[in-house]
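Since the structure comes first, as structure tokens, the remarks are kept for the end.
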Amino acid sequence: MESPLDHTTARALLDWQIELGATDAICDAPVDRYTLADKPKPKPRLAEPAQVSGAPKVDAVAEAKALATAAGDLAGLQAAMGRFEHCELKRGARNLVFSDGNPAARVMIIGEAPGREEDQQGKPFVGRAGQLLNKMLAAIDMGRAHEFSAQSVYITNVLPWRPPQNRDPKPEEIAMLVPFIQRHVELVAPDLIVLMGNISCQAALGKRGITRLRGQWAEAYGKPCLPMFHPAYLLRTPHAKREAWADLLDLQARLRGST
Ligand code: URA
């Protein structure tokens with residue numbers, strides 16, 4: 001029988017893994033990947049049609065479009081995303097994070113991607129950034145829990161799966177998930193959309209540069225969109241809250257029909 005590790009050694013090994021970037025325990029027993037080296041590796045799934053000679057071509061974007069278009073309601077869309085197998089982020093995530101809030105809301109907020117807490121709870125914006133988002137919305141008398149559609153919001157993300165170590169999504173990952181967001185917007189049919197941060201702007205507008213884009217109304221998914229600083233950025237950069245406040249007031253004015 002293997003001798004159990006003493007506390008100090010176990011602690012040192014854990015610290016070492018955290019130092020290397022591990023954030024979650026994925027399974028109960030360790031896996032020695034070197035002994036698996038000879039096993040055939042799964043073929044990479046590509047966003048664009050694969051160019052590997054002889055291999056069947058996978059057009060992940062076309063498949064996402066077909067699944068998304070066939071979804072007749074939000075539950076169907078969530079199920080369709082659960083069946084989509086071409087995004088490798090899915091394999092490292094605990095949960096598919098679909099949405100929160102009131103589907104009848106006039107405002108739809110599109111964030112970037114789930115973080116650790118969101119992945120664990122299966123709900124968007126429940127960590128520190130989410131708490132700040134709740135406060136920002138409360139400041140203009142809105143919130144995800146409001147029963148009245150005029151004051152409530154509906155919240156989702158570009159990516160339904162947490163990227164490993166919260167890395168930025170790759171362009172092909174964004175591209176294959178856009179059909180699902182497009183359909184999500186069609187099904188919720190909000191009056192206005194808030195694009196939270198650069199990834200959300202990249203998916204909707206095809207460009208980044210939130211410092212320039214924020215506060216400038218644009219159109220995407222067939223709706224007026226307001227790009228705003230992401231609450232996670234505001235936590236790191238508190239002086240930018242002034243601009244975020246101006247954007248919230250602008251959103252409120254637009255909802256009241258005065259701009
Ligand atoms: N940041 C996001 O963009 N979305 C979340 O759900 C959480 C943090």
Hydrogens and angles aside, do D141 and Q151 bring a side-chain donor and acceptor to less than 3.5 Å of each other?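 Side-chain D/A pair, D141 to Q151: present.
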List the steps, then state whether side chain to side chain contact (heavy atoms under 4.5 Å, CB included) holds for Q202 with K207. CA-CA 5 Å; Q202 176 73 53; K207 51 188 172 187; 5.8 Å; no
Pick from N134, L133, T156: which one makes a side chain to side chain contact (heavy atoms under 4.5 Å, CB included) with F125?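 The single option meeting the side chain to side chain contact (heavy atoms under 4.5 Å, CB included) with F125 is L133.
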Can you find a heavy atom in the side chain of [X] that is under 4.5 Å from one in the side chain of [Y]?
X: L192; Y: L226; result: no
X: K135; Y: Q131; result: no
X: I199; Y: P169; result: yes
X: K170; Y: E172; result: yes
X: Y154; Y: S99; result: yes
X: R254; Y: P224; result: yes
X: L77; Y: L187; result: yes
X: F229; Y: N198; result: no

Verify the neighbour count for atom NZ of K90: are there more than 12 heavy atoms of other residues, nucleotides or ligands below 6.0 Å?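 Buried by this count: over 12 neighbours within 6.0 Å.
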More than 12 heavy atoms of other residues, nucleotides or ligands under 6.0 Å from CZ of R242: is that the case?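 No, CZ of R242 has 12 or fewer neighbouring heavy atoms, counting only those of other groups under 6.0 Å.
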What residues form a side-chain hydrogen bond (donor to acceptor under 3.5 Å, both in side chains) with D73, not counting sequence neighbours?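 So D73 forms no side-chain hydrogen bond (donor to acceptor under 3.5 Å, both in side chains) with any residue.
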Could you go through V158 and I110, starting from their C-alpha distance and side-chain angles, then the distance that decides it, and tell me whether this counts as side chain to side chain contact (heavy atoms under 4.5 Å, CB included)? CA-CA 7 Å; V158 173; I110 305 181; 4.0 Å; yes
[atom1] of [X] to [atom2] of [Y]: how many Å apart, nearest 0.5 Å?
X: T211; Y: Y233; atom1: OG1; atom2: OH; answer: 5.0 Å
X: I210; Y: E243; atom1: CD1; atom2: CD; answer: 11.5 Å
X: I109; Y: M142; atom1: CD1; atom2: CE; answer: 7.5 Å
X: D168; Y: E173; atom1: CG; atom2: CD; answer: 10.0 Å

Indicate if [X] and [Y] have the same hydrophobic cluster label, given that clusters are the connected sets of ILVMFWY residues with side-chain heavy-atom separations under 4.5 angstrom.
X: F180; Y: V97; value: no
X: L96; Y: M176; value: yes
X: L159; Y: V126; value: no
X: L67; Y: I181; value: yes

Between [X] and [Y], does any side-chain N to carboxylate O distance fall below 4.0 Å?
X: K65; Y: D59; answer: no
X: R91; Y: E88; answer: no
X: R162; Y: E117; answer: no

Are K123 and E118 close enough, and set up right, to give a side chain to side chain contact (heavy atoms under 4.5 Å, CB included), and what steps lead you there? CA-CA 5 Å; K123 261 192 194 182; E118 289 79 16; over 6 Å; no
If the plane angle is over 60° it's perpendicular, under 30° parallel, otherwise tilted; pick one for W161 and F84.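 Judged by the thresholds at 30° and 60°, the geometry between W161 and F84 is parallel.
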Tell me whether [X] contacts the main-chain N or O of [Y] through its side chain, where contact means a donor paired with an acceptor under 3.5 Å.
X: D247; Y: M228; answer: no
X: H146; Y: F148; answer: no
X: Q216; Y: L213; answer: no
X: R144; Y: G101; answer: no
X: K223; Y: P190; answer: yes
X: D119; Y: R94; answer: yes

Of all heavy-atom pairs between [X] and [Y], which one has the smallest distance, and what is that distance?
X: L177; Y: C87; value: CD1-SG, 4.3 Å
X: P103; Y: L74; value: CB-CD1, 3.7 Å
X: V61; Y: P179; value: O-CG, 4.0 Å
X: P164; Y: L89; value: CD-CD2, 3.6 Å
X: P163; Y: P114; value: CD-O, 3.9 Å
X: A220; Y: A204; value: CB-O, 3.6 Å

Do H184 and Y221 make the cut of ring centroids closer than 6.0 angstrom?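 No, ring centres 6.0 Å or more apart.
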If you apply the rule side chain to side chain contact (heavy atoms under 4.5 Å, CB included), what do you find for L235 with R128, and how did you get there? CA-CA 8 Å; L235 286 171; R128 279 184 69 221; 3.8 Å; yes
